[in-house]
Amino acid sequence: MTAVKKVPFHLTNTLTRKKEEFVPSDPPHVGLYVCGPTVYSDVHLGNVRTFTSFDVLYRWLTHIGYNVRYVRNITDVGHLLGDAADGEDRISKGARAEQLEPMEVVQKYTNGFHAVMRLFNNLDPSIEPTATGHLLEQVEMVQRILKSGFAYESNGSVYFDVPKYAEKHGYGGLSGRKIDELLANTRGTEGQDEKRSPLDFAIWKNAEPEHLMKWNSPWGVGFPGWHLECSVMSTKYLGSTFDIHGGGMDLKFPHHECEIAQSVAADGQVPVRYWMHTNMLTVNGRKMSKSEGNGFTPEELISGDHKLLDRGYSPMTVRFFMLQCHYASTLDFSNEALQAAEKGLSRLMAATDLLPNLRPAASSEVDVAALEQRCYDAMNDDLNTPVMIAELFEGVRIINSVNDGKLSLDQEGIDQLSRLFEAMVFDVLGLMREGAGAASDRVLDGLVKEFIHMRAEAKASRDFATSDRIRDRLLELGIQLNDTKEGTTWNKV
RNA sequence: GGUCACGUGGCCGAGUGGCUAGGCAGAGGUCUGCAAAACCUCGUACAGCGGUUCGACUCCGCUCGUGACCUCCA
């Protein structure tokens, strides 16, 4: 048996816009940082897509033998709502609207976020730091940036001096921006008189009296700039230069650009070796976003209680739907696509469940190793889950054919295929079996078996009217009967 | 306006300079008392117009269309 080549992994580094071989700086350790949610409202499906993509990255790196430290933050300090600096941020606004303490808002939506992550079977990160838990470190980073001369204090706030930094180190490399173009496109300059350049961004912001979340600092009462927390927490836990930093495409500029500038200004180190950006989930071709209000919450998705949903879909259907598309492509959400995914997933799972019952042949007509190799190749090629899933469906065909006695597979081949499916379907893609199967509900199983028995008797006496009535009635109740050579089986539909 | 993507068969979505993606739906077939499931076969798709090439869906240019970022967003 030829050995399957499980490495090297390649990923598209958005810093270079090229697919590169992934070589960790300190193997087998890998440092992975992903920008987490701002917890001022419910997460929607677009957020879920991003975190699911990185969940698969985390699972894959782990699967091919790396020891991954996965850091994903919780942004629990509100960002200002606009440049107008009216002293209000999203969390404060939410707190006022819901008559809650800001930290109650934070807790509420953090809990909700965790519940959603679990619902979609996303693994917990190794560390989940919060911005409020790292105030001291953020103040210290501001001080280091001030000391390096790339920031200035103005009226109780501290701003990052973008033009000065750009002159020395260059700015905009990640997102492909040029300083002149950025300046030419600057809009809305009112309320920015504290800044020397409209491109400058706050790394510490003076708090208005009505601002709810604020802390003492060397520059007065205020709160940290919103790019700062990621710079602080990523480097604190992963080192001044770490392997992979991920996030949604919409964070590329300015958020990630600013992170790079801050780290270089503060510590003289380029913080990230590989940047990975996931694309957006769209609805009718438009980005799903909180501000557009076109997002579904997971509850609405499962219940189907939303004007754009024909009916509900299970979390695993949605996860599978997402993984049938490459992370770097936009994915358009539609009922038809969801329904297709639902059926495909059910076929994949049905075949997976057949694996333990396959009867081995003396010889094998199938090259399972080749299939396995194609799965590894697909995943190592920039996490190409759609191609890997396509290979899995080749496996489904094999499993069903063997089950039908149309193809022979020896015990070794069955074992190898079982291991492959176990690894890819459950460990790597992170899919789970859903719903009550026959084995999980003894009463139901007993009742259905009794009906199957009655129907068999009716069939034996060629009373097909009765046997069909039993089958049709059960189907109406969501129980599908399947006649096979070995007898009748059932499953929920 | 600037920058950058994308436009694949009924739908969703991979991919590649010449060789089958895959899923769902549809058609025909095998099996079955009939179904369901499963398996087999099928559609010759790559926005349009030029160019490069022996050959382009894949490279280049233009046109049209859509979207993202430039402001909080995954």
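The sequence lines fix the lettering, A, B, ..., with proteins before strands; numbering per chain opens at 1. What you are looking at is a predicted structure, and each value in this text was computed from that prediction instead of being measured.
Closest-nucleotide positions on RNA chain B for P386(A) and T50(A) were compared, and the one nearer the 5' end corresponds to P386(A). Between S401(A) and K287(A), the residue whose closest nucleotide on RNA chain B is further toward the 5' end is S401(A).
A donor-acceptor contact closer than 3.5 angstrom links the side chains of Q262(A) and S231(A). For T16(A) and E20(A), the side-chain atoms include at least one donor-acceptor pair closer than 3.5 Å. Checked by atom type, the side-chain pair N73(A)/E128(A) shows no donor-acceptor distance below 3.5 Å. Checked by atom type, the side-chain pair Y171(A)/E257(A) shows no donor-acceptor distance below 3.5 Å. Side-chain atoms of Y313(A) and N335(A) include a donor-acceptor pair closer than 3.5 Å.
rA74(B) has no stacking from F51(A) on its base ring, since the centres under 5.5 angstrom apart and planes within 30 degrees of parallel are not both found.
Side-chain atoms of R471(A) come within donor-acceptor range of the base of rA35(B), with a qualifying N/O pair under 3.5 Å. For rC34(B), its base sits under 3.5 Å from the side chain of D483(A) at one donor and acceptor pair at least. Residue-to-nucleotide contacts include a donor-acceptor pair under 3.5 Å from the side chain of D468(A) to the base of rG33(B).
F253(A) comes within 4.0 angstrom of the backbone, heavy atoms only, and of no base. Heavy atoms of S329(A) sit under 4.0 angstrom from primed sugar atoms or phosphate atoms, though from no base atom. Residue contacts for L345(A): at a heavy-atom cut-off of 4.0 Å it reaches no nucleic acid atom on any strand shown. Looking at heavy-atom distances under 4.0 Å, G176(A) makes contact with sugar-phosphate atoms alone, never a base. Looking at heavy-atom distances under 4.0 Å, N384(A) makes contact with sugar-phosphate atoms alone, never a base. As judged by a 4.0 angstrom heavy-atom cut-off over every strand, R455(A) is placed among the base-contacting residues. Among the heavy atoms of the strands lying under 4.0 Å from K459(A) is at least one base atom, whether or not backbone atoms are also near. In this structure, M280(A) reaches the bases: a heavy-atom distance under 4.0 Å links it to at least one base atom across the strands shown. Among the atoms of the strands shown, none is found under 4.0 Å from any heavy atom of G246(A). Nucleic acid contact class of A390(A) (heavy atoms, under 4.0 Å, all strands): base.
Of the candidate nucleotides rA37(B), rC70(B), rG33(B), rC70(B) has the atom lying nearest to any side-chain atom of P254(A). Distance from the side chain of R177(A) is smallest for rC69(B) among the nucleotides rC69(B), rC24(B), rG67(B).
Partner assigned to rU30(B) is rA38(B), using Watson-Crick or G-U wobble distances below 3.5 angstrom. With a cut-off of 3.5 Å on both Watson-Crick or G-U wobble distances, the partner of rC57(B) is given as none. rA47(B): Watson-Crick or G-U partner is rU63(B), with both key distances under 3.5 Å. Base pairing annotation: rU16(B) forms no Watson-Crick or G-U wobble pair, as no partner gives both donor-acceptor distances under 3.5 Å. If you check rA68(B) for Watson-Crick or wobble pairing at under 3.5 angstrom, you find it paired to rU3(B).
Look at CG on N400(A): it is 14 Å from C1' on rA36(B), rounded to the nearest Å. Atom C1' of nucleotide rA35(B) and atom CD1 of I452(A) are separated by 15 Å, given to the nearest angstrom. Atom CG of D381(A) is separated from atom P of rA14(B) by 13 Å (rounded to the nearest Å). Atom CG of D250(A) is separated from atom C1' of rU3(B) by 16 Å (rounded to the nearest Å). Counting to the nearest Å, the P atom of rU3(B) and the NE2 atom of H277(A) are 21 Å from each other. Taking atom CG of residue L475(A) and atom C1' of nucleotide rA37(B), one finds them 13 Å apart after rounding to whole Å. Atom NE2 of H326(A) and atom P of rG23(B) are 20 Å apart (whole Å). For the pair H255(A) NE2 and rC69(B) P, the interatomic distance rounds to 15 Å; values are reported in whole Å.
Under 4.0 angstrom from either OP1 or OP2 of rC39(B) there lies at least one side-chain N or O belonging to R347(A). Checking the phosphate oxygens (OP1, OP2) of rA37(B), no side-chain nitrogen or oxygen of N482(A) falls inside 4.0 Å. Considering only side-chain N and O atoms, R397(A) lies nowhere under 4.0 angstrom from the phosphate OP1 or OP2 of rG22(B).
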Exercise for the section: List the steps, then state whether side chain to side chain contact (heavy atoms under 4.5 Å, CB included) holds for F451(A) with I479(A). Expected result: CA-CA 11 Å; F451(A) 279 116; I479(A) 304 292; over 6 Å; no
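Under the 6.0 Å distance and 45° angle rule, R72(A) does not count as a cation-pi partner of Y33(A).
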